[in-house]
K.L.:
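Next up is a structure, given as structure tokens.
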Amino acid sequence: CNDRPSAYTPHSLGSINSLPLDEQSELEPETYSKYYNYDQLTDLLKSLAQKYANIANLTSIGRSVENRELWVMRITRDPTADGPGKPKFKYVGNMHGDETVSRQVLIYLLEYLLEKYGEEPRVTELVDSTDIYIMPSMNPDGFEKSKEEDCMGKDEGRNNAKNIDLNRSFPDQFEEIHVNAEEMPEVVAVMRWILQNKFVLSGNLHGGTVVASYPFDDSAAHDNEGTYSRSPDDALFRYLARVYAENNPVMKTGQPKCEENINETFKDGITNGAKWYDVAGGMQDFNYLKGGCLEITMELSCCKYPPSTQLKTEWDNNREALLAYMEKVIHIGVRGFVRAARNDAPLADAVIMVAGINHKVSTSRFGDYYRLLLPGTYNITVLAPGYIPMSVAGVEVTEGKATVLNITLEAENDENPATLSIPESPTETSVNSAIQPQDFRHHHYNDMELFLQKFSSEYSSITRLYSIGKSVQERSLWVMEISNNPGVHEFGEPEFKYIGNMHGNEVVGRELLLNLIEYLCHNYGTDPEITQLINSTRIHIMPSMNPDGYEVSQEDISGVQGRNNTNNYDLNRNFPDRFNFVTDPRQPETLAVMNWAKSYPFVLSANLHGGSLVVNYPFDDNPDNVSRYSKSSDDDVFRMVALAYSQESSQMYDGHSCKGMDLYQEYFKDGITNGAEWYNVHGGMQDWNYINTNCFEVTIELGCYKYPPAADLPKYWERNRRSLLQYIHQVHRGVKGVVIDSKDGSGIANATITVDTINHPITSNAAGDYWRLLVPGKYHLTASAQGYSSVSTFVNVPKEGVESVNFTLNRIHSYTNGQTTEDTTPVLDPTVKEFQSLIKQLSGESGLDKLIKDTPTQSSFRYRRYSEVSEFLRGLTLNFPEITSLQSLGQSVEFRTIWALEISNNPKVQEPSEPKIRFVAGIHGNAPVGTELLLEFAASLCINYGKNAAITRLINETRIVILPSINPDGRELAKEKDCTSTAGKTNVHSKDLDNDFFEPQPETRAVMDLIQERGFTLSVALDGGSVLVTYPYDKPVQSVENADTLRYLATVYANHHAKMHSGDTGCPNSQMGTIPNGVLRAAEWHSHMGSMKDFSVDFGHCPEITVYTSCCLFPPAEMLPTLWAENRKSLLSMLVEVHKGVRGVVKDKNGKPIVGAIIVLNGGVRVFTSEGGYFHALLAPGLHNIEAVADGYQQQSQKVSVSPFEAANSIIIQFDMENDIFGLPRELVVASAAAAMTALVVTACIIWCVCSAKSNRQKDGFHRLRQHRDDYDDEIRLMSMGSKKSLLSHEFQDESESEEDTLYTNKL
């Protein structure tokens, strides 16, 4: 367990404390005479949190099946902050809904603590020194069903709303129990709560008798009763149980005298759980085994739901017991801090071990620990990764206050290397006396599977068995995880993997890895090296990558039978290669490993083979396909880790791989070799790991016999045992740390860590932590992330161990006039900040996975024809009228309605500030899967609105428009279960609608009108016939201005799909081969004109991607649940993605919004501001140029940063009036215009005067025609104007010149 925040953020109610006084409800005095139902309990807890805000904080750790909050009241000084020096304690009540006394007495207890704080010294000391958590009801749904005075629990309120007994549903050490989040969200929430807090002591309050029960609750035999199941802390548990029993006047008698079993007795009022009766899946055992917390179960009353008149008596009976039990968390045992000697820094997750007691506790992030112990003398050992273990003998524990024992650990140095130091304390076991594997044999698949299941069950506190996929013949590809906190990536802890049996006939690696699993499990907690290794490393071991090949192999030196998989492909020639295109189809085993490698933050790996004796490191090939050294950028690192393995194996280090075998004369200096220098391998796994992930992998050849006799297996173990361990230690070399956002302190995912002299960057994990393997030396490191300023530093990597280097990056707010400015964004409105936090959470590693778990669907999938689709949509609007609106866009050729369903919190009102997303399906009637997926998507959104906070907020902040079927006529003609039929593909005019957005049919016209409304931020179209995503353009020749953004949006969908991102469509007769990341530009697949996505981009200014959901156009209805499961996360990811990019509002300097302003993105793509001046555009992560243009205003430009994990920050673009006209200053243009006007007026006056002078010679009618040509010449000389034509034209004319005049003058 750890102290870090979870993916589920509790609903903190600190804001309640800030309500105005007149809005706070007055607390009525407690009467101890009534039960509180859920609503009354909620109101009471909120009121108490308001009134006692200085010592009380109310949160919810999750929700029940029926969406009731699981309230927890935290009571301590400064209850909203974590700090060192206070042990965590918890009480949980009402786990069985009909056992109600526990619920009430915990309410009374928290009221008592709050009211008496500052008055009673005992309560004040307890609250000041302890971090107390009280959960009155773990099963609020069950309580609501229960009935008062039902003493036997006959009204079915015991279980949760899914009829699950919550105290039989936790992971168990003796029985495999599957925890289903949909069936038991209460258990999942409490498990998460336990694992994320280092609770020291706990009590679980029940009813039905009067006794204190302690672990273990079940045994391996699972006898119904009578079998004492002893825990390592059995004496301590008995003592704690007696503390409670002795302070309860009924319990201490040991004779509860319950009517159901009047003669039942319990010595001293306590019992071992399994001895009383066997309970598998109980919460108290989970607390002890997984959470490191000591918990007992208190049964408080014979009657499960006694009349309320009995409540005062029950409170009186339990008050002192409740207080006395809590006080033990500070009064017994050992407590203290573990710090580093070098800088006195606290050491988190250091392990505290007590000799003779096989149970560990660990330090919190503040370095403090609490180990409850009975009075006595103990030998205590403390372990921490990278530090020399310390043992302290003779620690005295006395009654009263806990003994303080502070530990300072020295960092490992050259003389005490991290990987070889074995403490010599007499209380510890050296590696030479560690428990060795005993059973050496060849394990066939079923035998191996049972072996793994056995160790997973027996060592459940440190193991997790999981499958990453299946082989061609459907055998599971099993992986055993070994860690002190299995199933959880612990912040700052590197992850390591071993893979064996990639070639089915090379079996030594398979058996060695099974031996290693046994060795690690047997020696954890007793051998310091093994304990430290497991506590500091998350180890994943896959014994067999090719189980099918193994099953057909046989004992042989160098044969090939079984080498390949069932499809006869060599798996170590089946990975994408950097130099050569691998034409073989990607195999299921290969795809499973590729997906696995990209799903975990692996740092180091090894692939175990046979046939030689050497460690082979990248690169495995070169462009010329010749045997010569092919050096990677990290050649020095690969040589270091390869030598770490070979040096521990004298036979390998000797370099003569196969002495005595005439067929082989190979020599490898120091037992290592560069792969390509040995021989070229195209499509190898180790090169793929290095190039495509953060993981460094080598290939280890374990011996010249590929399938040796079983009698030789002990020799292989002995030769490789130290090498296998030493190689794991190498994961703790180089540098590690975390990349942090300076603004909110959160980790930055996908930040890039570069080393100036090595051309191989690595990236940070989802939580911001990173690991970078390096050989000792001095380096210059740089951390960078999109949207942040880069930070660089120098670091000295020690000869042994790892150096911690943390980076704190500042967000880039904008670029103004070429100058970078750091983020100075003002404090956001709390609701905006909360929504941005939600988007960041949902964009994280498991955000959407959790959302899906919290919003289960229960639909019975089937195909619906047009009439049923219409009824379904109308049903949504009738059942959810406040968030839905149904609109007819038009009709098909055969007069079926093209429906558009809008889902938003205000569906009939235009809200231009919200992003608008369009989901479209059914453009081809013969591919109806998309229609069914969108109907299910709509239903799940509506059903969870108001119930799930994330769904509610997404709907409130988004306008979602769903067009489930735009070719309903074609759908009516389609053939079910026909994967290739074209029947129904077109409309009834035989027009393919996706080729028809030029000369539209009625169906496309309806959609075109919707698209041209603009306002859409993103569109997702669902089709069928493959498994991939395409992005614009469909046109065969078309440059794509924003290709990065379109490709990115398609990649987001594919990456959230269960299998699409692998690039292997799995479709029969597919000619495409592997499609990188499952994403293609549409024209590269099926180019055509007149497509919907091209129209959306060109005329709707909205990016659209097309998702092909299944190879089969019309698969059987039984496939729909699987297709829904594959696509649901991707569909939700689009609702999250539409809130990213850049958004804002354009205003003039007076604050008036400007409608119709053009926003130019990176000099190409344009969007337009809508009503209110709002705009929103999606962009790929990175820095982008934004220009805003509007008539009469100065052009504005700036650079914005887009993060793949954060909601778009709203920017304000403010226009000034245009100061330049025709490129010149406004003032100069205005002055010039004024001067020109003046000159024009003067000229007009002069002309008028001249004209007036001429008019004195003119008479009404026509002028006299001159008789002599000389007269013309005189007038020419006198007037100096015009031509003969122009002069003549003035003779005998009125205002205009006739055609005859023109002819006449031309003759002259």
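Since the structure is predicted, the reported quantities are computational estimates derived from the model, not experimental observations.
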K.L.:
Quick one: are the C1111 and C1067 sulfurs under 2.5 Å apart?
P.N.:
yes
K.L.:
Scan side-chain atoms only and decide if T590 and N574 contain a donor-acceptor pair under the 3.5 Å cut-off.
P.N.:
yes
K.L.:
For residues K1140 and S843, is any side-chain donor paired with an opposing acceptor at under 3.5 Å?
P.N.:
yes
K.L.:
How far does CE of M1060 sit from OG1 of T1051, to the nearest 0.5 angstrom?
P.N.:
11.5 Å
K.L.:
Could you label the plane-to-plane angle of the H540 and Y466 rings as parallel, tilted or perpendicular, counting under 30° as parallel and over 60° as perpendicular?
P.N.:
perpendicular
K.L.:
Side chains of N905 and Y945: is there a donor and an acceptor less than 3.5 Å apart?
P.N.:
no
K.L.:
Under a 3.5 Å distance rule, please check whether N1042 uses its side chain to pair with a backbone N or O of T1045 as donor and acceptor.
P.N.:
no
K.L.:
Relative to each other, are the rings of F602 and W596 parallel, tilted or perpendicular (30° and 60° limits)?
P.N.:
perpendicular
K.L.:
Would you please classify the geometry between the W1085 ring and the Y1108 ring as parallel, tilted or perpendicular, with 30° and 60° separating the classes?
P.N.:
perpendicular
K.L.:
Is a side-chain N or O of S1096 found less than 3.5 angstrom from the main chain of C1102, in a donor-acceptor match?
P.N.:
yes
K.L.:
Quick one: is the NZ or CZ of K840 closer than 6.0 Å to the six-membered ring centre of F1205, and within 45° of its axis?
P.N.:
no
K.L.:
I'd like to know if the side chain of T982 and the backbone of K985 have a donor-acceptor N/O pair within less than 3.5 Å.
P.N.:
no
